[in-house]
Amino acid sequence: MSGLALLDYASVLVFALTGALVASRAQLDLVGFAFMACLTAVGGGTVRDLLLDRHPVFWVGQPDYILIATAAAVVVFFTAHLVESRYNLLVWLDSFALSIAAAAGAGAALSLNQSGVIVVLMGVTTGCLGGLMRDVVCNEVPLVLKQGELYVSCAFAGAFAAVIATRLGFDELATLAACALICWALRAGSLVFGWRLPVYKARPPRQ
Amino acid sequence: MSGLALLDYASVLVFALTGALVASRAQLDLVGFAFMACLTAVGGGTVRDLLLDRHPVFWVGQPDYILIATAAAVVVFFTAHLVESRYNLLVWLDSFALSIAAAAGAGAALSLNQSGVIVVLMGVTTGCLGGLMRDVVCNEVPLVLKQGELYVSCAFAGAFAAVIATRLGFDELATLAACALICWALRAGSLVFGWRLPVYKARPPRQ
Amino acid sequence: MSGLALLDYASVLVFALTGALVASRAQLDLVGFAFMACLTAVGGGTVRDLLLDRHPVFWVGQPDYILIATAAAVVVFFTAHLVESRYNLLVWLDSFALSIAAAAGAGAALSLNQSGVIVVLMGVTTGCLGGLMRDVVCNEVPLVLKQGELYVSCAFAGAFAAVIATRLGFDELATLAACALICWALRAGSLVFGWRLPVYKARPPRQ
């Protein structure tokens with residue numbers, strides 16, 4: 001199995017866990033868990049494949065992905081209520097999913113010889129859209145837009161690093177690892193140390 | 001006309017009615033009714049066609065679908081305020097739309113000889129996504145995630161039945177009918193008798 | 001450069017400005033601005049290209065669009081807090097974006113010799129979906145559904161005019177100009193003079 005396919009599997013598994021955790025917070029039943037797990041797990045990669053016209057879409061050609069996401073949903077269904085702080089677990093699992101999926105997205109675009117701009121965008125899209133769909137559907141405040149945290153920025157930096165690494169002649173594995181590590185380090189730093197980018201604190205908007 | 005095309009027409013009509021009813025609850029104007037009716041009517045099937053790379057998308061090749069949805073919107077626009085409980089009507093119409101669309105989605109995947117997992121997923125996708133888009137755009141609580149009701153589960157069970165029926169050698173018509181009937185019976189049972197799957201009532205999430 | 005490509009560039013630029021303004025209202029950081037600007041700028045056109053099976057999607061083949069949207073985001077990031085009423089600016093910029101994008105969408109469908117129904121729908125889709133995604137992701141009340149204002153109706157009327165103009169033998173430039181002007185005039189009239197279509201003021205819905 002190629003490194004890229006492995007990344008897809010890992011990202012599907014971790015995103016599925018986060019989707020099931022959100023389903024747990026919304027007190028859905030088992031099928032609701034599976035639905036949210038699958039939506040979150042394959043959402044970002046599906047948009048990537050549609051945009052790049054890669055057919056069949058990765059999970060249509062290889063239904064294993066769906067089975068993995070469903071299995072993750074079942075496990076979470078029977079264990080999530082045992083977890084002390086599901087929100088903390090969710091945020092940290094999501095940080096892994098973001099990093100792995102950003103690398104998978106950037107790698108897919110690189111393997112199609114897309115330009116640097118598209119590689120960065122595919123990293124951001126694949127990394128962020130699954131979680132964004134999860135939160136929009138469940139009416140949570142999207143993690144992707146939480147104020148005072150790095151999120152899109154992490155995927156951006158990771159995918160940008162992947163472009164640089166490719167230009168410098170790194171092989172595929174090193175490129176993808178650099179992307180995932182930089183993305184995750186920034187996200188973790190933001191969660192633990194409060195790293196952030198500056199914002200303009202404007203007056204509250206009047207409507 | 002094939003049974004599959006007939007199902008697509010019926011699902012478009014009934015989903016359009018539900019979309020227009022939601023527009024009525026949001027007090028939109030006539031064009032808003034038509035927009036919501038079309039979005040709801042073709043949303044699920046469009047995602048199905050994009051995922052399966054079926055081009056042209058069903059309503060692009062056959063604009064009749066759009067005209068039907070628009071006609072439904074016009075009828076609802078002039079009559080919805082006469083209905084005593086638009087919410088009840090909405091929920092029941094939606095149960096028919098869900099069942100018909102789940103059968104249409106599963107049937108499309110079966111006609112492309114997709115694997116069982118994909119057939120089930122296409123049934124769920126086509127059945128649930130139109131209504132989900134309708135509710136997300138209009139800021140209603142998505143019916144698909146309403147606690148204590150079967151919804152995704154019905155589409156899942158129906159599509160699963162379609163896979164079994166095909167394996168048993170049923171012809172297309174019987175397969176699609178089984179899918180729609182099982183889906184609708186479960187949804188109706190959930191609405192009338194309160195059938196549901198168990199959930200874990202965890203402590204309220206702390207943030 | 002063809003008139004159609006020029007319209008795409010203009011619509012990307014103006015939609016990107018509106019996306020960045022919404023990011024400013026949500027107090028996101030610079031990368032958040034760029035994300036919202038890109039999502040809004042290419043959202044509608046991307047859906048149009050996927051539906052019509054035009055590959056590569058316009059910004060995948062021509063990454064300039066993304067650079068323009070990002071540049072717009074940077075400019076807005078450093079200037080938006082100086083604006084007295086960002087909401088007013090947003091609404092008016094959005095009216096230009098709506099009109100230009102509706103023309104771009106209708107023009108793309110016309111250039112593929114699609115039927116009149118599809119031309120109208122592509123005008124509405126391209127015009128409205130970018131702004132709809134922007135508002136759904138940022139939890140704003142979608143402008144597209146704001147009660148008592150014309151919005152979808154403007155894109156509808158503009159795209160309808162484009163169909164008529166083509167039938168009457170107008171050339172491409174005149175057709176697209178007619179579409180954009182009619183759309184914008186209706187939207188501006190609705191904002192300034194309160195033009196609207198009638199709605200049924202039903203009793204408040206009971207749930």
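Below, chain A is the first sequence line, B the second, and so on; all start at residue 1. Since the model is a prediction, treat every value here as computed from it, not as a measurement. As a basis for the values below, the full set of heavy atoms in this structure was taken, side chains included, without hydrogen atoms, waters or symmetry mates.
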Is the closest side-chain heavy-atom distance between [X] and [Y] below 4.5 Å?
X: A/D29; Y: B/L150; value: yes
X: B/Y151; Y: A/V31; value: no
X: A/W59; Y: B/L51; value: yes

* Determine the minimum heavy-atom distance between A/H55 and B/L50, stating which atoms define it. => CE1-O, 3.5 Å

* Structure fact -> For A/V60 and B/I118, the nearest pair of non-hydrogen atoms, with its separation, is CA-CD1, 3.6 Å

* **Side chain / backbone / both / neither for A/L67 at chain B, heavy atoms under 4.5 Å** => side chain

* Which atoms of A/F78 come close to chain B, meaning under 4.5 Å heavy atom to heavy atom: side chain ones, backbone ones, both, or neither? -> both

* Against chain A, work out which of B/V124, B/L121, B/L52 has the most heavy-atom pairs shorter than 4.5 Å and name it. => B/L121

* Asked: With a 4.5 angstrom heavy-atom cut-off, which part of B/S115 approaches chain A: side chain, backbone, both or neither?
  -> side chain

* Asked: Of the backbone (N, CA, C, O) and the side chain (C-beta and beyond), which part of B/L197 lies under 4.5 Å from a heavy atom of chain A, both, or neither?
  -> both

* Give a yes or no on whether B/F160 atom CZ has more than 12 heavy-atom contacts from other residues, nucleotides or ligands under 6.0 Å away. => no

* Asked: How far does OG of B/S153 sit from CZ of A/F35, to the nearest 0.5 angstrom?
  -> 11.0 Å

